[in-house]
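Take a look at the structure below.
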Number of protein chains: 2
Amino acid sequence: MILQFLRLFLIWNEIFDIFVMNFNFYKNMLKAERHKYIMTKLIEDQKVVTTDLALALDLSEDTIRRDLNELDSKKLLEKVYGGAVQVKEKSSNVFDIAIAAEEQKKQIVTKALSLLHDDQVIIMSGGSTNLVFAKLIPADLKATIYTYSLPIAMQLSQHPNIDLIFIGGKMQKNAMVTIGMDVIQVVSKIKADICFIGASSISVKQGLTEVGYEISIVKKAMIEASDRVVSMFSSDKLNTKMPHSVCDLKQLDTIVTELDPEDERLDEYRKSGVFIL
Amino acid sequence: MILQFLRLFLIWNEIFDIFVMNFNFYKNMLKAERHKYIMTKLIEDQKVVTTDLALALDLSEDTIRRDLNELDSKKLLEKVYGGAVQVKEKSSNVFDIAIAAEEQKKQIVTKALSLLHDDQVIIMSGGSTNLVFAKLIPADLKATIYTYSLPIAMQLSQHPNIDLIFIGGKMQKNAMVTIGMDVIQVVSKIKADICFIGASSISVKQGLTEVGYEISIVKKAMIEASDRVVSMFSSDKLNTKMPHSVCDLKQLDTIVTELDPEDERLDEYRKSGVFIL
DNA sequence: TTAATTATTGCATATAAATGCATTTTTGCG
DNA sequence: CGCAAAAATGCATTTATATGCAATAATTAA
């Protein structure tokens with residue numbers, strides 16, 4: 001009899017505890033704790049509702065709203081009518097590649113489209129100018145293109161008639177190109193009709209030069225592998241130089257800029273025998 | 001007697017809960033959530049119909065129309081007579097990769113993050129689930145990752161601590177992955193700790209199967225090269241098969257779906273010894 | 001410790017937003 | 001042209017929010 005009573009008491013006690021816990025557990029919470037609770041809840045449920053929080057924390061909706069406003073102004077969540085939702089991550093889309101002066105580059109590469117013919121084997125280096133070029137390759141061109149640039153491969157993979165071969169290797173992250181011995185080995189085995197090389201810097205005396213050593217030797221290999229070498233760049237690259245040599249001016253067959261081929265800024269280059277488009 | 005009554009009450013309560021859940025699940029949705037739902041639906045189905053949404057969300061068509069107008073004015077969709085369609089992306093940007101049911105995939109791959117450790121050598125196949133996985137790899141993870149998927153490489157090239165190696169070869173255009181002997185050769189020389197394989201189809205009897213022959217042999221090589229084989233996919237891939245076999249269920253170490261590991265739909269798989277996350 | 005100061009909280013009230021309904025206008029289609 | 005479906009509009013109702021104010025709690029200075 002007493003035992004039964006005791007058991008009943010214990011059960012009742014437990015129920016009471018739960019009751020108290022539920023209703024007063026958060027009663028003496030500091031604001032900071034409350035904010036933490038709200039943020040946790042937000043992550044768990046993807047959203048928080050003002051009325052639910054008020055109930056759960058045993059506070060007025062006003063207070064919750066003030067909390068949410070505060071957290072909103074700290075950009076920790078986004079307050080909406082009725083509650084709050086997670087801040088939408090500013091997509092920071094990797095795949096959005098911003099191309100500086102795209103219009104100028106379009107102008108440059110459009111001139112070079114005349115160099116393309118069906119059944120050519122083509123090698124393309126990286127660089128935003130070459131990327132613009134890839135975009136503008138006519139849909140009916142049938143050709144084989146080798147590249148070691150991720151964005152250019154992405155672009156060309158949408159082309160219906162291009163056989164695309166990606167040259168693998170270790171990725172150089174910022175430039176989104178592969179580099180290293182693997183690349184050299186593959187490139188050196190290609191027999192290409194034409195290659196399109198982006199240029200960091202070009203000058204009459206130094207020829208093509210690059211910032212990075214690794215890129216410079218890959219480009220060397222490209223030139224070796226191709227019958228015809230074309231480089232496209234804007235005129236601000238003219239008469240500049242970088243640490244690592246790629247090739248002499250003589251080894252370039254054609255250069256393409258936005259300038260008129262007769263422009264005097266190109267005089268020196270024309271004299272050295274390179275064809276200017 | 002009282003006990004029986006109590007039990008009855010509990011059962012009734014449960015049924016009532018389920019009832020309420022089904023019919024009011026979307027009832028207390030915040031506007032922001034609703035908009036998110038509409039946008040997800042739009043991506044999944046390419047379109048949304050006003051009446052369907054009104055029905056699905058248990059709201060008047062007026063409200064749905066107001067939502068669609070709002071989203072339209074934000075340029076997030078294009079309202080048309082009867083509903084709304086996706087905004088036609090202005091320049092068919094190749095680099096925008098639409099991922100169907102991205103939220104669900106996030107849920108799946110989040111579970112698999114626990115399999116990652118510093119200094120691992122990892123191979124990743126293509127597929128949108130793996131792409132979502134790549135997005136969520138913590139910034140402080142230091143590892144070496146091999147992949148032959150262009151989008152995944154693009155994504156990982158943004159990661160500060162991953163050594164990324166792209167496996168080159170002929171591009172399979174629609175899937176944006178490289179295939180062929182070049183890929184097999186490279187993969188077969190890798191000694192990886194773990195590989196993450198996307199799945200077209202999986203069944204208890206047939207194991208992993210693929211639509212394309214070429215992809216299937218690449219995946220075979222991946223499995224050979226890895227100590228541990230993990231496959232992540234949504235439950236709709238379960239109990240389906242494709243023409244080309246990749247491997248038996250036994251060869252998989254871990255599978256990850258959005259389901260609870262104890263879900264009965266996974267019973268058969270669990271029995272065959274594969275670990276379910 | 002006490003008193004003054006400040007911050008927090010809840011309530012009342014006014015304002016604004018969201019939603020559904022009735023009515024009119026527009027649209028697509030035969 | 002006419003009809004039915006869809007959309008827009010105005011309005012009423014509900015619900016959420018902002019704001020001033022008073023009560024309370026926490027903090028600081030003396």
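Quick note: numbers below take in every heavy atom, side chains included, and nothing from hydrogens, waters or symmetry partners. Below, read A as the first sequence line, B as the second, and so on, with proteins coming before strands; counting in each chain starts at 1.
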Review point. Does the pair A:D163 and B:K170 meet the rule for a salt bridge (charged side-chain N to carboxylate O under 4.0 Å, His left out), with working shown?
Key: CA-CA 8 Å; A:D163 265 347; B:K170 187 160 166 29; 3.2 Å; yes

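By the 4.0 Å N-to-carboxylate-O rule, B:D67 lies close enough to B:R34 to be salt-bridged with it.
Within the 4.5 Å cutoff, no side-chain heavy atoms of B:T254 are placed close to those of B:V274.
For DNA chain D, the span of nucleotides reached by chain B at under 4.0 Å from its heavy atoms goes, 5' to 3', from D:dA5 to D:dT9.
Looking only at atom types and distance, the side chain of B:S149 has no donor-acceptor partner in the side chain of B:N130 under 3.5 Å away.
Contact annotation for B:V49: no contact, since no heavy-atom pair falls under 4.0 Å across all strands. Contacts of A:D67 with the nucleic acid, taken as non-hydrogen atoms under 4.0 Å apart, are absent.
Sorted by first and then second residue, the salt bridge (charged side-chain N to carboxylate O under 4.0 Å, His left out) pairs involving residues 105-116 of chain A (not counting sequence neighbours) are A:E103-A:K106.
Here the shortest heavy-atom pairing between A:V85 and A:K47 reads CG1-CB, 4.3 Å.
C:dA18 atom C1' lies 15 Å from atom CG of B:N69, rounded to whole Å. Between the CG atom of B:L57 and the P atom of C:dA18 there is a distance of 16 Å, given to the nearest Å.
Around the NZ atom of B:K173, the shell of radius 6.0 Å holds more than 12 heavy atoms that belong to other residues, nucleotides or ligands.
Evaluation of the side chain to side chain contact (heavy atoms under 4.5 Å, CB included) rule for A:V109 yields A:T129, A:V132, A:F133, A:L136, A:M232 as partners, not counting sequence neighbours. Under the side chain to side chain contact (heavy atoms under 4.5 Å, CB included) criterion, B:S216 pairs with B:E210, B:Y213, B:H244, B:V246, sequence neighbours left out.
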Pairs under 3.5 Å (N/O, protein and nucleotides 23-30 of chain C):
| unit_1 | atom_1 | unit_2 | atom_2 | d |
| --- | --- | --- | --- | --- |
| C:dT27 | O2 | B:Y81 | OH | 3.2 |

What nitrogen or oxygen pairs link the protein and nucleotides 11-15 of chain C at under 3.5 Å?
| unit_1 | atom_1 | unit_2 | atom_2 | d |
| --- | --- | --- | --- | --- |
| C:dC11 | N4 | A:D62 | OD2 | 3.2 |
| C:dA12 | N6 | A:D62 | OD2 | 3.3 |

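Between the side chain of B:H159 and the backbone N or O of B:D140 there is no donor-acceptor pair closer than 3.5 Å.
Of the side-chain N and O atoms in A:K31, one or more sit less than 4.0 angstrom from OP1 or OP2 of C:dT8.
When A:K31, A:R65, A:K79 are each tested for a side-chain hydrogen bond (donor to acceptor under 3.5 Å, both in side chains) with A:E70, only one passes: A:K31.
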